[in-house]
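Keep in mind that what you see is a predicted model, and the values were worked out from it rather than measured. In listed order, ligands and their atoms are each counted from 1.
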Amino acid sequence: MQKPIVIVGSINLDLVVAADRIPQVGETIIGNTFNTFYGGKGANQAVAAAKLGYPVSMVGNVGSDPFGTQLRNGLKDAGVDTAYVNTVEGPSGVALITTGSGGENSIVVVPGANGCLTPKLLEKAETILERAGFLLAQLEIPLETVEYLAQFAERHDIPLMLDPAPARELPRALLRRLTWITPNETETQELLRIKLENGDQGSCEAAEHLLDCGVKNVLLKLGSRGCLIAERNSAKERIPAFSVDAVDTTAAGDAFNAGFAVGLMRGSTVTRSAVFASAVAAISVTRPGAQPSMPTGYEVECFLKERL
Ligand code: ATP
Ligand code: RIB
């Protein structure tokens, strides 16, 4: 039987304005459309993996407001096991998102219930955490919970992939427990407190730096430039992104992480998993919204047949 991917992370309602561009500080502009979508980095990764046909359990919190029920049902409808999604008193997490015409975005997240995902709640989810074949986390929940999860993963010898988003500095003890870290360019700069030099050499140096911090494997997400794989004692490898017309890059990183995890869990090599992940992410950027933009396994298969 396939061991599930277990995702410990955030569940948000995304309030999304599509405008021609993202306004500057102090500026008011007229937007084009307003939509609400199911989002949250954790939930996006869960839905993406489930739509690819892999068994996924979500460990997270929704609020006691009406959004909470909708968000939980959204996960269920996508095929995610929600037995360990708690309802906590107070508001659900929300994200205020503005997208520009090139697909770029800016996001403010108010954690709400996600901020109450304590290590104590993870203790209650131990049965599912122990069964995991792969644990995935991000940083929209309290850091102490991610640290608890990393200790748990180490104790039970379960691989853990951390998407260090939103960006922040992280303790070395946490970095040393990670099997994979998957920062984008801004997160890499924040993690290392460096200015990332443009081009492959800068990315390779940054990845090396992260390996020096004790992370076992690094995958840098480089937007439309693709990604860079850096495994300890192996040559670094850059995988280009697929060329598509991007309309909304929100959750591209989440689509990528889910695709990568599913690829690895199905026994693909790291390189093939990264190509698969790039296809999942490329399709997602051609569609608006976070969770609604995630492709099915069949869509990815057709896309890859056409492109490779
Ligand atoms: P987000 O925060 O928007 O979810 P991210 O910043 O974590 O995403 P990115 O590096 O922007 O991550 O994107 C992740 C992956 O998605 C890239 O490595 C690439 O494969 C794919 N991707 C992103 N943008 C594009 C694009 N414009 N065209 C094709 N693929 C893209
Ligand atoms: O990664 C994209 C996600 O970031 C959005 O869905 C939003 O909820 C924020 O968490």
**Asked** Can an N or O of F256 be found at a distance shorter than 3.5 Å from an N or O of ligand 1?
**Response** no

**Message:** Any heavy atom of S10 closer to ligand 2 than 4.0 angstrom?
**Reply:** no

**Message:** I'd like to check which ligand 2 atoms, numbered from 1 as shown, lie under 4.0 Å from a non-hydrogen atom of K41.
**Reply:** 1 (O), 2 (C), 3 (C), 4 (O), 10 (O)

**Complete:** For A290, the ligand 2 atoms with a heavy-atom partner under 4.0 Å come out as 6 (O)

**Message:** If we only consider heavy atoms of A165, is any one of them less than 4.0 Å away from an atom in ligand 1?
**Reply:** no

**Closest to atom 9 (C) of ligand 2 among E140, Q45, Q138 (heavy-atom distance)** = E140

**Prompt:** Closer than 4.0 angstrom: is that true for some heavy atom of A251 and an atom of ligand 2?
**Reply:** yes

**Request:** May I ask you to list the atoms of ligand 2 that are less than 4.0 angstrom from any heavy atom of G39?
**Result:** 6 (O), 8 (O)

**Message:** Taking ring-ring contact (aromatic ring centres under 6.0 Å, His included) as the cut-off, I'd like each qualifying pair that reaches into residues 236-264, sequence neighbours left out, listed once.
**Reply:** W180-F260, F242-F303

**Item:** Nearest candidate to atom 21 (C) of ligand 1, where distance is taken over non-hydrogen atoms, out of A290, A281, P166
**Value:** A281

**Fill in**
Taking only non-hydrogen atoms of A95 and a 4.0 Å limit, the atoms of ligand 2 in range are 7 (C), 8 (O)

**Asked** Should G40 be counted as touching ligand 2, given the test is an N or O pair under 3.5 Å?
**Response** yes

**Asked** Which atoms form the tightest heavy-atom contact between N114 and G93, and what is the distance?
**Response** ND2-CA, 3.6 Å

**Request:** Output the list of atoms in ligand 1 that are nearer than 4.0 Å to some heavy atom of A246, sorted by atom number.
**Result:** 27 (N)

**Message:** At less than 4.0 angstrom from any non-hydrogen atom of V244, what atoms of ligand 1 do you find?
**Reply:** 28 (N), 29 (C)

**Request:** Output yes when the distance from some N or O of ligand 2 to some N or O of T250 is under 3.5 Å, and no in every other case.
**Result:** no

**Message:** Below 4.0 Å, non-hydrogen atoms only: which portion of D163 touches ligand 1? Side chain, backbone, both or neither.
**Reply:** neither

**Request:** Check each atom of ligand 1 against the heavy atoms of G226 and keep those under 4.0 Å away; list them by number with element.
**Result:** 17 (C), 18 (O)

**Complete:** for atom 7 (C) of ligand 2, nearest protein heavy atom and its distance come out as D14 OD1, 3.3 Å

**Request:** Please determine if G223 has a nitrogen or oxygen closer than 3.5 Å to a nitrogen or oxygen of ligand 1.
**Result:** yes

**Complete:** N184 heavy atoms within 4.0 Å reach ligand 1 at atoms 5 (P), 6 (O), 7 (O)

**atom 30 (N) of ligand 1 - nearest protein heavy atom and its distance** = A241 CB, 3.8 Å

